[in-house]
Amino acid sequence: MAKVTEIKIAKTITQVRNQIKIWQKEGKSIGLVPTMGFLHAGHGSLIKRAVAENDEVIVSDFVNPAQFGPDEDLETYPRNFAADTEFCRKLGAAMIFNPEPSEMYDNPKAYVNIDDLSDGLCGVTRPIHFKGVCTVVSKLFNITNADRAYFGEKDAQQLAIIRKMVKDLDFDVEIVGCPIVREADGLAMSSRNAYLSKDERKAAVCLSKSITLGKEIIHEGMSAKQLIADMSSVIENEALAKIDYLEVVDVELLKPVDKIDGPILVAMAVYIGKARLLDNFSWKPEETITI
Ligand code: AMP
């Protein structure tokens, strides 16, 4: 049951800090859910878990310019702050933080970047993306002093990078990874699904179909090349889909593997029209996968 009926709206860093000081004086634990807004049930699962595990929850709702490349969808990224506020209020979040870009960035010269893990997978098409993500997430950790922060496994590379950043830079925050929430037909929920036309929406199910096949056929000793070929063929059968990448990497450092014999991440990015959609699954040898 939601524990608050009102939600505080913060537009400035000072407003957040003042509230945090009050909560900390009261000995309360704080959960942070970083988002770019246009919230859906995937975000909702993170917020619900944060509400269950913390005394107070802050949802940040900020389309972070620093993580978009020059030719990307910063301007067109879907936004609906009124609906997001109501969504967070109903789930029991205590505060929604919705700063203007100028509040977060004043001619910045300091950034946070994680070597190696940011280079592959999405980093190939989006070379500055994870520098922007790490910088904004670091700022949110500093602003909120959160005890726990919640991230989705849908963005598996992001989650691995944040975990490594927290470890390497000694941020005093527990990172909680949350499972992918899907539509009834299997499509991973994403704010960018709003870009899909009716035909593209139907086509987009090829990502999760490929994931389902991958989970069925994967076994210890299998070559990554074979797994990639079989999974790719599902997507290649869909005329509206174009694979950006489909790779098998180790779960920690995200380096491509040849043979499946340790914990791995199978991750893909696929263009459906102008939408670039992500999906993935993790696997380890001793695991029996239920589909
Ligand atoms: P975004 O607003 O897309 O930046 O996402 C904010 C957070 O919600 C990230 O940690 C995402 O991984 C997570 N998230 C987005 N979609 C889903 C989903 N379908 N299932 C679980 N988590 C998600």
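Indexing begins at 1, ligand by ligand and atom by atom, following the structure's order. Heads up: numbering here begins at 1 and tracks the sequence.
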| Is any side-chain heavy atom of Glu183 less than 4.5 Å from a side-chain heavy atom of Met189? | yes

| Option passing side-chain contact (heavy atoms from CB on, under 4.5 Å) with Ile162 (candidates Val133, Asp155, Leu117) | Val133

| request: Check the pair Leu254 / Leu265 against side chain to side chain contact (heavy atoms under 4.5 Å, CB included), numbers first and verdict last. | output: CA-CA 8 Å; Leu254 308 179; Leu265 169 72; 4.0 Å; yes

| query | For ligand 1, what is the set of protein residues having any non-hydrogen atom at a distance below 4.0 Å? | reply | Pro34, Thr35, Met36, His40, Gly42, His43, Leu46, Tyr77, Phe151, Gly152, Lys154, Asp155, Gln158, Pro179, Ile180, Val181, Met189

| note | When rounded to the nearest 0.5 Å, the distance separating NZ of Lys154 from OG of Ser190 is 4.0 Å

| request: Any chance you could measure Thr135, atom OG1, to Ile128, atom CD1, to the nearest 0.5 Å? | output: 10.0 Å

| task | Please report the closest heavy-atom contact between Pro65 and Tyr105, naming both atoms and the distance. | result | CD-CE1, 4.1 Å

